[in-house]
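Below you'll find the structure, written out as structure tokens, and then a few comments.
Since the structure is predicted, the reported quantities are computational estimates derived from the model, not experimental observations. Excluded from the calculations below are hydrogen atoms, water molecules and symmetry mates; all remaining heavy atoms, backbone and side chain alike, are included. Residue numbers run from 1 in the order of the sequence given.
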Amino acid sequence: MSKLLSAELHRLFKSKCFYIAAFAMLVLTMYLILMDCNSNARLELGESFDEIFFCMPPYFGLFISTFAALFIGTEYSDLTMRNKVVVGHSRTEVFIANLLTCIVAAVLLFIIWAVSGCVGIPYFGIENIDLNVCLLKLLVSFFTIIALTAIFGTISQLITSKATGAVAGIFLALALLLAGSYFYNALNEPPTTFSYVQISEEGGIKYGDEVPNPAYVGGKMRDVYEVMLRLLPTGQQILIADEPLENPAFMIVCSVVVAIIATSVGYLGFRRKDLR
């Protein structure tokens with residue numbers, strides 16, 4: 001097992017795909033944060049450092065899914081996956097080694113994001129940053145990254161085609177992001193709304209009567225939406241980016257549960273998969 005994992009890590013640090021992902025993460029993070037800092041100053045939006053710093057995690061799924069599909073898909077296309085089993089490695093060892101390698105890559109990308117995101121510190125000044133809030137959000141974000149890696153790392157081992165795996169991973173990452181956005185936006189709908197909003201020729205605004213908002217989610221369904229928002233890693237990432245952090249322990253437990261379920265389902269599928 002140790003030799004297999006060592007070989008995978010050696011391949012990781014020689015992977016062009018990983019270095020491209022790392023470079024893209026570095027450049028995109030710095031660009032987004034500098035742009036947000038500029039907009040914050042120019043428009044006087046009053047955003048805090050953590051609101052700008054954590055704008056990137058919701059897009060982590062796209063990076064992880066693409067990397068995992070290309071990295072593991074190469075083993076299928078080169079018949080390396082089959083050869084590992086032929087020479088005596090068990091499917092369990094192969095599965096775990098591949099998944100751990102993907103986790104290492106994801107953690108490294110996470111570190112690159114966290115370090116490059118510090119480019120925004122001079123704008124706010126270290127004395128104006130709540131380090132406790134940032135560190136706690138970093139911890140919760142870390143577990144969302146592990147959950148996403150468990151999802152995409154296992155899916156990549158179940159899809160033989162590298163191209164198909166990459167496309168499927170990207171679509172799933174987008175679906176998870178859209179699902180998280182849906183639950184978040186639904187929960188932010190107010191209980192009431194105005195029957196109409198009218199803008200006069202002079203530029204004034206006239207509001208109609210307050211009426212119940214049909215889009216408002218209440219009752220037991222609201223509880224379901226709140227659980228789903230926190231169960232989805234992307235939902236947690238949206239919350240971390242846009243809201244004060246509430247009940248972080250529950251969010252971490254949700255990420256761990258998602259990682260365990262994804263790994264278990266993927267492992268059972270991999271054991272039955274034809275590697276020829």
Using the side chain to side chain contact (heavy atoms under 4.5 Å, CB included) rule, take F71 and F18 through it: C-alpha gap first, then chi angles, then the decisive distance, then the call.
-> CA-CA 8 Å; F71 184 78; F18 172 72; over 6 Å; no

Take N188 and E243, measure what side chain to side chain contact (heavy atoms under 4.5 Å, CB included) needs, and give me the verdict at the end.
-> CA-CA 11 Å; N188 279 335; E243 302 284 345; 4.2 Å; yes

Please test L12 against V104 for side chain to side chain contact (heavy atoms under 4.5 Å, CB included), starting from the C-alpha separation and ending with a verdict.
-> CA-CA 9 Å; L12 169 66; V104 170; 4.0 Å; yes

Could you walk me through whether L108 and F13 pass the side chain to side chain contact (heavy atoms under 4.5 Å, CB included) test, one step at a time?
-> CA-CA 11 Å; L108 291 174; F13 292 116; 3.7 Å; yes

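If you look at Y59 and W113, their ring centroids are not closer than 6.0 Å. For F110 and F142, the distance between ring centers is under 6.0 angstrom.
A heavy-atom distance below 4.5 Å is not found between the side chains of F270 and T154. Within the 4.5 Å cutoff, side-chain heavy atoms of F49 are placed close to those of C134.
From C102, atom SG reaches atom CZ of F67 across 5.5 Å, with rounding to the nearest 0.5 Å. A distance of 8.0 Å separates CE of M25 from OG of S116, quoted to the nearest 0.5 Å. If you take CD1 on I238 and CG on N185, they are separated by 7.5 Å, rounding to the nearest 0.5 Å. The CD1 atom of I146 sits 12.5 Å away from the CD1 atom of I260 when rounded to the nearest 0.5 Å. Remark: T101 OG1 to I72 CD1 distance equals 8.0 Å, nearest 0.5 Å.
Taking each heavy atom of F152 and G61 in turn, the nearest pair found is CE1-O, 3.9 Å. Counting all heavy atoms, side chain and backbone alike, C55 lies closest to P58 at O-CD, 3.5 Å. D242 and Y184 make their closest contact through CB-OH, 3.3 Å (heavy atoms, listed as atom of the first residue, atom of the second, distance). The nearest pair of heavy atoms linking M251 to R230 is CG-CG, 4.3 Å. Among all heavy-atom pairs drawn from L232 and G180, the shortest one is CD1-N, 3.9 Å.
Hydrophobic clustering (side-chain heavy atoms under 4.5 Å, transitive across Ile, Leu, Val, Met, Phe, Trp, Tyr) groups I112 together with Y19.
For Y182, the OH atom sits in a loose shell: 12 or fewer heavy atoms of surrounding residues, nucleotides or ligands are nearer than 6.0 Å.
In terms of modelled atom types and a separation under 3.5 Å, the side chain of Q157 and the main chain of G266 share no donor-acceptor contact. Although no hydrogens or angles enter the test, the distance criterion places a donor-acceptor pair under 3.5 Å between the side chain of N98 and the main chain of V94. Using modelled atom types, one side-chain atom of S65 and one backbone atom of L62 make a donor-acceptor pair closer than 3.5 Å. Between the side chain of E93 and the main chain of S90, a donor-acceptor pair closer than 3.5 Å is present. Although no hydrogens or angles enter the test, the distance criterion places no donor-acceptor pair under 3.5 Å between the side chain of E8 and the main chain of A97. K162 places no side-chain N or O within donor-acceptor distance of the main-chain N or O of L70, the cut-off being under 3.5 Å. Side chain of R222 to main chain of V217: a donor-acceptor pair is present (N/O by atom type, distance under 3.5 Å, no hydrogens or angles).
Of the listed residues (I145, L148, L28), just one forms a side chain to side chain contact (heavy atoms under 4.5 Å, CB included) with F63, and that residue is L28.
For Q237 and S141, the side-chain atoms include no donor-acceptor pair closer than 3.5 Å.
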